[in-house]
Amino acid sequence: MPLREGFMPRYNPAIIEPKWQRVWEDNHTFRAPDLPTSEKLYVLDMFPYPSGDGLHVGHPEGYTATDIVCRFERMRGKSVLHPMGFDAFGLPAEEHAIKTNTPPRASTEKNIATFRRQLKMLGFSYDWDRELATTDIEYFRWTQWIFLVIFDTWFDPQQQKGRPIADLPIPDEVTAAGTEAVRRYQDQHRLAYQADALVNWCPALGTVLANEEVKDGKSERGDHPVERLPLRQWMLRITAYADRLQQDLDPLDWSEGIKNMQREWIGRSTGAEVDFYIGSQDGHQAWQAARAASGYPGQPADDVLRVYTTRPDTLFGATYMVIAPEHPFVLRLTTEAQRDAVQAYCVRAAARSDRDRQEDKEKTGVFTGSFAINPVNGQPIPIWIADYVLISYGTGAIMAVPAHDTRDFEFAQKFDIPIVPVVDPGQEATLDRQAVLDGRVCFAGDGLAINSGPYTGLTTAQFKTRITDDLASAGVARGAVNYKLRDWLFSRQRFWGEPFPILHELDADGQPTGMLRAVAPEDLPVDLPHLDDYRPHGRPEPPLAKAPDDWLYPVIDGVRYRRETNTMPQWAGSCWYYLRFIDPKNPEALVDPEKERVWMPIDLYVGGAEHAVLHLLYARFWHKVLYDRGYVSTREPFQRLVNQGMILGEMEYTGYQREDGTWASLPDVGKNAGGTLIDRTSGAAVCEIKLDAEDVEKVGESFVLRNDPTIRIDSRATKMSKSRGNVVNPDEIVQDYGADALRLYEMFMGPLEATKPWSMAGVNGVRNFLDRVWRMIVDDRSETVRLNPAVQDVPPDEEQNRMLHRTIREVTRDTATLEFNTPIARMMEFVNYFSKQTVRPHSAMERFVLLLSPYAPHIAEELWQILGHASTLAYEPWPPYDEALTKEKTIEVPVQVLGKVRARVLVAADASQAEIEAAARADEKVQQWIGDKRVVKVIVVPGRLINFVVK
RNA sequence: GCGAGAGUGGCGGAAUUGGCAGACGCGCUGGAUUUAGGAUCCAGUGGGGCGACCCGUGCAGGUUCAAGUCCUGUCUCUCGCACCA
């Protein structure tokens with residue numbers, strides 16, 4: 001074995017890790033074939049954002065897991081596609097660029113370089129030849145191309161399918177109105193459309209945000225305040241796909257938790273739309289007759305208030321109605337006497353942010369002065385305005401049934417509105433039935449109808465069907481479906497995103513005509529122009545509006561246009577990157593259909609749960625549009641999804657000290673209204689004091705101060721954050737312990753999907769394991785690298801074989817099921833055992849190294865070489881095991897008497913039940929425990945245990 | 001409030017899915033050796049009791065020959081949603 005000078009035969013990851021990384025890179029060891037040559041496996045990590053901070057220890061957790069799967073399956077003969085790239089457009093990169101005052105492209109490329117270096121440093125087996133970034137011009141050319149497909153698509157509700165806009169049926173009256181009218185009609189039906197809507201404007205970020213990007217009235221990124229502002233924006237009609245997005249979840253191999261989150265986000269509900277007459281009192285009968293003749297109109301006229309309800313069975317209990325403060329009928333319904341009060345209320349509601357509305361749990365509202373007629377009984381009921389009804393859901397108006405809806409109940413109690421029970425809950429133990437029947441308690445469940453005229457006595461389900469049918473034939477209602485999901489607000493007022501490939505037609509005076517023109521596919525990409533100043537200015541006018549005229553105002557066929565100056569949101573690029581990885585360099589198509597058909601769908605997709613809703617929903621939507629339009633072959637992109645758990649900082653012990661230096665015990669510590677920590681007994685402020693493990697001890701359930709056990713302290717691990725100073729940097733771990741140790745530790749911490757705290761001591765533990773692996777095989781006392789003399793070319797003995805084959809069996813089984821912590825434990829047992837063996841068969845060492853290689857590939861490659869192999873082990877066949885060799889000849893069987901282990905007996909591994917029982921009965925201790933009691937029953941589980949039941 | 005997940009030694013976690021609780025690692029204790037660099041090796045380590053034994057998987061019940069695992073109730077923690085009619 002040739003040696004580099006100065007290379008000591010001690011395990012030194014600082015030398016061997018870069019060495020093997022270079023070998024893999026130079027030989028393109030992990031290059032995936034264009035088309036699979038055997039059973040295919042597409043394993044994907046969620047796209048990282050290359051932030052300026054570099055990799056976090058959370059990243060390598062999922063990446064190591066997928067890397068293990070890929071290396072394992074390559075050795076098992078599969079054709080593996082395992083690419084990596086960067087989601088580089090969007091706010092984080094742009095914010096970083098602004099902070100460091102560099103052009104976004106320059107700082108993005110620098111950040112990508114950092115990420116790439118760190119990823120390569122960890123030895124992941126990506127096919128780097130497929131690397132891409134969403135900011136690559138040749139990539140976003142296809143992002144824009146897909147946008148044009150979406151723009152060119154309308155959703156056919158009959159076929160439940162996206163179809164070319166050219167196939168959209170045009171009503172005769174529109175055709176008659178001319179080509180411009182037809183174009184407008186088409187524009188209204190595209191999946192990508194413009195709308196003037198109330199949007200979430202975030203001044204601090206200088207852009208609007210999608211509903212999904214706003215949490216508790218603040219921006220999900222950065223936690224900045226968000227305002228409601230009317231703006232013209234691009235929207236994607238994701239709601240058209242709501243049903244399919246929900247239904248197609250069922251067969252996916254995702255955790256039920258994530259599926260449920262998506263289902264809840266889509267929020268499908270079924271019920272009915274009902275029209276309540278609000279015209280003049282004497283016109284009611286005429287209206288009823290007209291409706292009975294005409295049927296239920298698609299658009300309601302001004303003489304009705306249309307509501308959506310999931311409980312049409314409670315119509316007889318509707319004692320008032322509520323419209324949202326933004327409802328278009330507010331002015332019309334407000335009587336002179338109520339005008340001032342209504343106006344004051346609506347002004348106040350408009351000024352309050354969503355956050356304020358949520359924090360104020362108390363119901364508020366104001367009476368309009370008007371009444372509507374309840375269609376089931378002709379009773380007039382008052383119409384109120386209240387902000388607990390949302391303009392953006394359903395019709396923006398409700399019928400209120402206080403007896404059977406908790407929100408309506410609270411409101412009715414506060415404003416003294418009658419509560420009429422119409423559902424009898426029956427005899428339920430958990431509920432005061434009489435209180436419900438008296439209208440003192442709200443019951444929102446199903447039951448039997450009461451006080452409901454001819455419907456009295458029906459079950460809730462029967463009632464719903466009957467009344468919906470009856471009201472439909474009377475022309476005043478119809479069955480309806482609603483979703484919480486809203487259309488996707490798709491434009492951003494930022495520089496660092498994909499430009500829309502859309503032109504706005506201008507007239508002779510340079511004013512927009514309202515006509516749109518898509519950029520021709522052959523003219524893509526639309527690149528970003530150079531700007532001297534790309535920073536947002538806090539106004540909702542996109543920075544691209546400052547682009548040079550030759551970019552901003554193209555002239556085509558003599559017509560002058562203005563480019564769309566909004567850019568796409570960050571999610572755009574990550575909606576389809578998994579397709580481009582299949583064919584990253586294709587200049588003709590986003591992906592070659594033949595390659596797409598064989599590689600898709602993704603067999604394993606791993607990432608954090610923070611993308612449970614946004615990315616996964618958006619990407620599924622795009623995929624379905626591409627599917628409908630024939631560009632992809634699968635209904636869903638991500639067949640199997642696994643969410644890695646969060647890695648927390650190290651366990652911390654925290655005590656609370658008053659200003660005078662005395663300790664406050666944990667149960668006494670709370671927060672005041674302002675959020676500062678206080679001693680609840682005195683109200684005085686306390687501060688957190690970090691404690692060392694030596695200063696605390698556990699007493700019963702809780703930790704206390706060692707010096708003063710009456711003081712309880714807090715012990716917990718928290719999210720890693722810069723402000724807490726508990727962030728672990730992967731660079732430092734690799735430098736101090738090596739990449740293999742980092743990978744191994746992250747897998748050894750616990751189950752992949754669990755949240756778990758970091759521990760530096762634990763890293764050291766797996767590093768010690770790697771040292772022991774090295775010494776098991778390499779002679780570290782020699783001056784040159786050579787095999788440990790104990791490693792000899794002899795066959796394993798029976799016991800060694802048992803250890804070897806059991807290790808193979810269990811590492812194989814658990815790796816295949818994505819349990820990575822237990823295989824490491826098994827390999828540790830293997831090393832503990834063989835390190836004590838004075839003869840270590842060469843063949844056993846080889847097979848062990850192969851088992852270790854997916855987990856710790858660098859040391860494995862090095863040991864493989866030292867064991868005498870010239871080429872990489874990456875494609876060596878995974879070692880098989882022989883079940884027969886894992887078995888022992890004799891086994892120890894625990895003997896229970898009345899379920900408690902009282903003795904153990906040695907029997908042959910294949911002993912019969914009778915033989916085990918005989919051996920157990922012969923045991924002196926067992927006889928003692930049975931004594932003169934009667935043996936009622938004997939349970940023998942062959943190979944496991946025997947239990948005597950005595951009386 | 002609603003939904004999901006989880007509670008096992010000082011710590012991270014195992015437990016072939018109803019069959020010997022605590023594998024493996026960290027930490028700790030004792031010993032050997034030390035030509036120190038992430039030392040190594042040996043022994044021990046859930047609690048109690050001198051002992052035979054007893055008690056132990058958040059808590060309280062239940063099913064079973066047998067329960068960390070199944071059922072009922074309850075508490076705590078984490079995550080997600082939160083006026084969606």
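These numbers come from a predicted model, not from an experiment. Chain letters run A, B, ... following the sequence lines, proteins first, then strands; residues in each count from 1.
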Can you tell me, in whole Å, how much space there is between the [atom1] of [N] and that of [M]?
N	M	atom1	value
B:C59	B:G51	P	26 Å
B:G12	B:G27	P	15 Å
B:C20	B:G68	P	9 Å
B:U69	B:G58	C1'	16 Å
B:C55	B:A6	P	30 Å
B:U57	B:C70	C1'	15 Å
B:C11	B:A36	C1'	28 Å
B:G62	B:G44	P	40 Å

Calculate the interatomic distance between [X] atom [atom1] and [N] atom [atom2]; express it in whole Å.
X	N	atom1	atom2	value
A:Trp758	B:G27	CH2	P	15 Å
A:Met760	B:G25	CE	C1'	16 Å
A:Ile258	B:C81	CD1	C1'	13 Å
A:Met261	B:G3	CE	P	15 Å
A:Glu819	B:U17	CD	P	12 Å
A:Glu753	B:A4	CD	C1'	13 Å
A:Tyr855	B:C24	OH	P	18 Å
A:Tyr483	B:A85	OH	P	13 Å

Sort me out a list of protein N/O and nucleotides 50-54 of chain B N/O pairs below 3.5 Å, or just none if empty.
{"from": "B:C54", "atom 1": "OP1", "to": "A:Arg902", "atom 2": "NH2", "distance (Å)": "3.3"}
{"from": "B:C54", "atom 1": "OP2", "to": "A:Arg902", "atom 2": "NH1", "distance (Å)": "3.1"}

Self-check item: Stacked cation flag A:Lys363 on A:Tyr388, 6.0 angstrom / 45 deg
Solution: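 Ring-cation test returns yes.
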Exercise. With sequence neighbours excluded, tell me which residues meet ring pair (Phe, Tyr, Trp, His ring centres under 6.0 Å) with A:Phe820.
Key: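 In terms of ring pair (Phe, Tyr, Trp, His ring centres under 6.0 Å), with neighbours along the sequence ignored, A:Phe820 is linked to no residue.
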Practice problem: Please name all residues satisfying ring pair (Phe, Tyr, Trp, His ring centres under 6.0 Å) with A:Phe463, sequence neighbours left out, ordered by chain then number. | Solution: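 Partners of A:Phe463 by the ring pair (Phe, Tyr, Trp, His ring centres under 6.0 Å) criterion, ordered by chain and then number, come out as A:Tyr455.
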Exercise. For B:G38, measure the glycosidic angle (O4'-C1'-N9-C4 for a purine, O4'-C1'-N1-C2 for a pyrimidine) and name it syn if it falls within 90° of 0, otherwise anti.
Key: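 Nucleotide B:G38 adopts anti.
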Self-check item: Syn/anti state for B:U17 [syn: chi within 90° of 0]
Solution: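 Syn, angle within 90° of zero.
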Which atoms of nucleotides 62-69 of chain B (N or O only) lie under 3.5 Å from a protein N or O atom, and what are those distances?
{"from": "B:C65", "atom 1": "O2'", "to": "A:Asn947", "atom 2": "ND2", "distance (Å)": "3.2"}
{"from": "B:C65", "atom 1": "O2", "to": "A:Asn947", "atom 2": "ND2", "distance (Å)": "2.5"}

Self-check item: Short N-O contact, A:Arg263 and A:Asp250, less than 4.0 angstrom
Solution: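 A salt bridge links A:Arg263 with A:Asp250.
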For the side chain of [X], counting heavy atoms from C-beta on, which of [options] is nearest?
X	options	value
A:Met828	B:G80, B:C24, B:A85	B:C24
A:Thr309	B:A23, B:A85, B:A4	B:A85
A:Arg904	B:C20, B:C26, B:C83	B:C20

Quiz item: Would the A:Phe948 and A:Trp929 ring centres measure less than 6.0 Å apart?
Solution: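 Centroid distance A:Phe948-A:Trp929: not below 6.0 Å, so no.
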Quiz item: Under 4.0 Å between a side-chain N/O of A:Ser255 and OP1 or OP2 of B:A4, yes or no?
Solution: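 Checking B:A4 against A:Ser255, no side-chain N or O comes under 4.0 Å of OP1 or OP2.
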Please list, chain by chain and in numerical order, all residues satisfying side-chain hydrogen bond (donor to acceptor under 3.5 Å, both in side chains) with [X], sequence neighbours excluded.
X	answer
A:Arg767	A:Asp771
A:Glu61	A:Lys756
A:Glu610	none

Under 3.5 Å side-chain donor-acceptor pair for [X] and [Y]:
X	Y	answer
A:Ser269	A:Tyr308	yes
A:Ser392	A:Arg486	yes
A:Thr817	A:Glu819	yes
A:Arg809	A:Thr886	yes
A:Thr807	A:Tyr881	no

Self-check item: Position toward the 5' end of RNA chain B (nearest nucleotide), A:Val901 or A:Val613
Solution: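 Upstream on the strand: A:Val901.
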Quiz item: Between A:Asp408 and A:Trp265, which is nearer to the 5' end of RNA chain B once each is assigned its nearest nucleotide?
Solution: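 Final value for this comparison: A:Trp265.
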Practice problem: Please identify each residue that fulfils side-chain contact (heavy atoms from CB on, under 4.5 Å) with A:Ser255, with sequence neighbours left out. | Solution: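 A:Ser255 satisfies side-chain contact (heavy atoms from CB on, under 4.5 Å) with A:Ile258 only.
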Quiz prompt | side-chain contact (heavy atoms from CB on, under 4.5 Å) involving A:Arg268 - partner list, sequence neighbours excluded | solution =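 Residues passing side-chain contact (heavy atoms from CB on, under 4.5 Å) with A:Arg268: A:Asp243, A:Gln246, A:Thr270, A:Val481, A:Tyr483.
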Self-check item: Heavy-atom check, side chain of A:Met321 versus side chain of A:Ile381, under 4.5 Å
Solution: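 A side-chain contact exists here, since the closest heavy-atom pair is under 4.5 Å.
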Quiz prompt | Residue pair A:Ile647 / A:Glu746, side-chain heavy-atom distance below 4.5 Å | solution =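 Yes, side chains in contact.
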Any protein N or O atoms within reach of nucleotides 37-42 of chain B? Criterion: under 3.5 Å, listing atom names and distances.
{"from": "B:G38", "atom 1": "O2'", "to": "A:Asn764", "atom 2": "OD1", "distance (Å)": "3.1"}
{"from": "B:G38", "atom 1": "O6", "to": "A:Asp736", "atom 2": "O", "distance (Å)": "2.4"}
{"from": "B:G38", "atom 1": "N1", "to": "A:Asp736", "atom 2": "O", "distance (Å)": "2.4"}
{"from": "B:G38", "atom 1": "N2", "to": "A:Tyr737", "atom 2": "OH", "distance (Å)": "3.2"}

Practice problem: Using a heavy-atom cut-off of under 4.0 Å over every strand shown, decide if A:Ser759 touches base, sugar-phosphate, or nothing. | Solution: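 Counting heavy atoms under 4.0 Å across all strands, no contact is made by A:Ser759.
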Exercise. Remember a base hit wins even if backbone is also touched, and classify A:Gly765 as base, sugar-phosphate or nothing at under 4.0 Å, heavy atoms.
Key: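 Sugar-phosphate, backbone atoms only, no base.
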Quiz item: What string of B, S and - do you get for nucleotides 7-13 of chain B, 5' to 3', when a contact is any protein heavy atom under 4.0 Å?
Solution: ---SSBS
Self-check item: Test log, rule side-chain contact (heavy atoms from CB on, under 4.5 Å), inputs A:Thr460 and A:Arg311
Solution: CA-CA 8 Å; A:Thr460 299; A:Arg311 292 295 301 267; 3.7 Å; yes
Exercise. Would you please enumerate the stems RNA chain B participates in, each stem being three or more consecutive Watson-Crick or G-U wobble pairs with both distances under 3.5 Å?
Key: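 Result, WC/G-U stems under 3.5 Å: B:1-7 with B:75-81, B:10-12 with B:24-26, B:27-32 with B:40-45, B:46-48 with B:53-55, B:58-62 with B:70-74.
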Quiz item: Yes or no on side-chain contact (heavy atoms from CB on, under 4.5 Å) for A:Ile419 and A:Thr319, after CA distance, side-chain angles and deciding distance?
Solution: CA-CA 7 Å; A:Ile419 297 167; A:Thr319 52; over 6 Å; no
